[in-house]
Amino acid sequence: MKENIKRLNLNGKEIILLGTAHVSQDSIDEANTLIEEEKPDRVGIELDDGRYENLKNPENWRNIDISKVLKEKRGWVLLANLALGSFQKRMGAGVGVKPGDELKAAADKAESLNIPIELIDRPIQTTLRRAWAKNSFWGKCKLLSVLVSAIFDKEEISSEEVENLKNSSEMDQMMGELADYLPGVKTVLIDERDQYLASKIWQSFDHGGNKILAVVGAGHLPGIVRHLNSFAAGESAPSIEEISIVPPPGKLSKILAWAIPVAILSLIVAGFFKGGAQTSAEMLLNWWLVNGVLAAIGAVLALAHPLTIFISFMGACVTAINPFIGIGIVAGLVQAWVSKPKVNDMENLMNDAASLKGFYRNRILKVLLVFFLVSIGGSIGTFAAIPSLISVF
């Protein structure tokens, strides 16, 4: 038996797990062959409703409303989704396979044989938002660096390297490196999803049948097998509700969201009582200039529209003391308004997301780039301005 195929017989339930590399032609062939040979009662696929719909209808990208995304504070989620997608797309480019083709092939084969499909993965938005929420400040910084490098890294990946992703030794090494570098992300992306996938596979038997074939990423095989064995040993399948929600901000985050604005305003008011209106005005000017200049630099680096640069400069000092909206969102909305995305931007979104030049060329991606760089500049400006205020005081 191949190393990437696991067969389990648990309490009269037959489970076949096919571990794939998500951009592998061999994985497509294996999925088609295994489903046809085994003819399971159900086929589980490592997808959620949204990703399954996108695989079936790639034109869904045309329906993106970038302004709505920013208003709903989903800019980081979309950026992360595009980063992961562009990385997988680059991996598959050398073998002529698009990300998720083996999952789509498995779904198509099951449908052609009238075999019911089970979508067993957690929604990608939930996974990404949990990964962000469960990270420390330093972890968030490292996660951002990984996302940026995933977008702009041009390293060629051979077909042999892609196929090696199905080998446990290669995968174990990668998981070990991820756990060391970003333990919070590894917990959410791998460990929690192992539990989620195993639970959904086990629950699939409630829908009928005694034989299920599940097509999942090879990295999930050990965790899924471990969880399934524990279920069969008498442990009830855990509730997946807890890992299906985005944890609310912690008390410290809530306190800081208000503490920083209150501290800044208090310092400026104290400056007025200590040194009069001139001191207070000088502090306000420093606050405005430091925040505005650094936010505007972010907009300039994104080659934003002049109006976007001006708004970033003028508005950063205000949004920095407003816990409800950041200057990155404001700048992104202005950029989307003055440079409205066109149909070809929608059509070329995923292709353009694979290169730095594409981010500057595509109007949707330009909005995200403005949002990202202005947010970073504004955040740096907030903390950089505090020593200036203290020195004036």
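What you see is a predicted model; the values in this text were computed from it and never measured.
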Legend entry - Crowding at CZ, Arg51 (>12 non-hydrogen neighbours, <6.0 Å): yes

Legend entry - Phe310 atom CZ, over 12 foreign heavy atoms within 6.0 Å: no

Legend entry - Transitive ILVMFWY side-chain link Leu307 to Leu373, under 4.5 Å: yes

Legend entry - Reported OG1-to-CD distance for the pair Thr20 and Glu102, which is rounded to 0.5 angstrom: 3.5 Å

Inset, instruction - Flag the pair Ile212 / Val43 as yes when at least one side-chain heavy-atom distance between them is below 4.5 Å, and no otherwise. - result: no

Inset, instruction - Let me see the working for Phe372 and Leu301 under side-chain contact (heavy atoms from CB on, under 4.5 Å), right down to the final yes or no. - result: CA-CA 11 Å; Phe372 174 73; Leu301 291 175; over 6 Å; no

Inset, instruction - Could you pull out the closest heavy-atom pair between Ala198 and Ile224, with the gap in Å? - result: CB-O, 4.0 Å

Legend entry - Side-chain heavy atoms of Glu46 within contact of Arg193, under 4.5 Å: yes

Legend entry - Atom pair OG1/CG of Thr308 and Leu303 - distance to nearest 0.5 Å: 11.5 Å

Legend entry - Nearest-0.5 Å distance, CG of residue Leu369 to CG of residue Leu365: 8.5 Å

Legend entry - Nearest-0.5 Å distance, CG of residue Asp191 to CD1 of residue Ile243: 10.0 Å

Legend entry - Tyr360 side chain reached by Lys366 side chain, heavy atoms, under 4.5 Å: yes

Legend entry - Linked, directly or transitively: Ile311 and Val318 (ILVMFWY side chains, under 4.5 Å): no

Legend entry - same_hphob_cluster(Ile309, Val330) at 4.5 Å side-chain heavy-atom cutoff: no

Inset, instruction - Evaluate the side-chain proximity of Ile329 to Lys71: yes if any heavy-atom separation is below 4.5 Å, no if none is. - result: no

Inset, instruction - Show your working on side-chain contact (heavy atoms from CB on, under 4.5 Å) between Trp202 and His227 and close with a plain yes or no. - result: CA-CA 10 Å; Trp202 194 257; His227 283 295; over 6 Å; no

Inset, instruction - Return yes when atom NZ of Lys340 has more than 12 non-hydrogen atoms of other residues, nucleotides or ligands closer than 6.0 Å, and no otherwise. - result: yes

Legend entry - Heavy-atom side-chain contact between Arg42 and Phe205 under 4.5 Å: no

Legend entry - Asp48/Arg122 salt bridge by N-O under 4.0 Å criterion: no

Inset, instruction - Take His220 and Ile190, measure what side-chain contact (heavy atoms from CB on, under 4.5 Å) needs, and give me the verdict at the end. - result: CA-CA 7 Å; His220 293 293; Ile190 305 300; 4.2 Å; yes

Inset, instruction - Could you give me the CA-CA distance, side-chain angles and deciding distance for Val215 and Leu213, then say whether side-chain contact (heavy atoms from CB on, under 4.5 Å) is met? - result: CA-CA 7 Å; Val215 183; Leu213 189 155; 3.7 Å; yes

Inset, instruction - Drop me the distance from Ile297's CD1 to Ile380's CD1, to the nearest 0.5 angstrom. - result: 9.5 Å

Legend entry - Ser199 side chain reached by Phe231 side chain, heavy atoms, under 4.5 Å: yes

Inset, instruction - Could you grab the distance from atom CG of Leu103 to atom CG of Asp121, nearest 0.5 Å is fine? - result: 9.0 Å

Inset, instruction - Please tell me if the side chains of Pro40 and Ile115 come closer than 4.5 Å, counting only heavy atoms from C-beta onward. - result: yes

Inset, instruction - Check Ile120 against Leu197 and note the closest heavy-atom contact, atom names and distance. - result: O-CD2, 3.3 Å

Legend entry - Smallest separation among heavy atoms of Gly377 and Leu294, with atom names: O-CB, 3.4 Å

Inset, instruction - For the residue pair Val334 and His305, establish whether any side-chain heavy-atom pair is separated by less than 4.5 Å. - result: no

Inset, instruction - Report yes or no: do Val188 and Leu47 belong to one cluster of Ile/Leu/Val/Met/Phe/Trp/Tyr joined by side chain heavy-atom distances under 4.5 Å? - result: no

Legend entry - Minimal non-hydrogen separation, Ser244 against Thr126, with atom names: O-CG2, 3.5 Å

Legend entry - ILVMFWY cluster, Ile376 and Val300 together (side-chain gap under 4.5 Å): no

Legend entry - Electrostatic pair Glu118-Lys200, nearest N-O below 4.0 angstrom: no

Inset, instruction - Could I get the full list of side-chain hydrogen bond (donor to acceptor under 3.5 Å, both in side chains) partners for Asp41, not counting sequence neighbours? - result: none

Inset, instruction - Give the minimum heavy-atom separation between Asn291 and Gly381, together with the two atoms involved. - result: OD1-C, 3.5 Å

Legend entry - Taking every non-hydrogen atom, the tightest pair across Ile28 and Ala105: CG2-CB, 3.8 Å

Inset, instruction - Say whether, by atom type as modelled, one donor and one acceptor occur between the side chain of Lys39 and the main chain of Leu113 under 3.5 angstrom. - result: no

Inset, instruction - Keeping the roles fixed (side chain from Asn362, backbone from Ile364), state whether a donor-acceptor pair exists under 3.5 Å. - result: yes

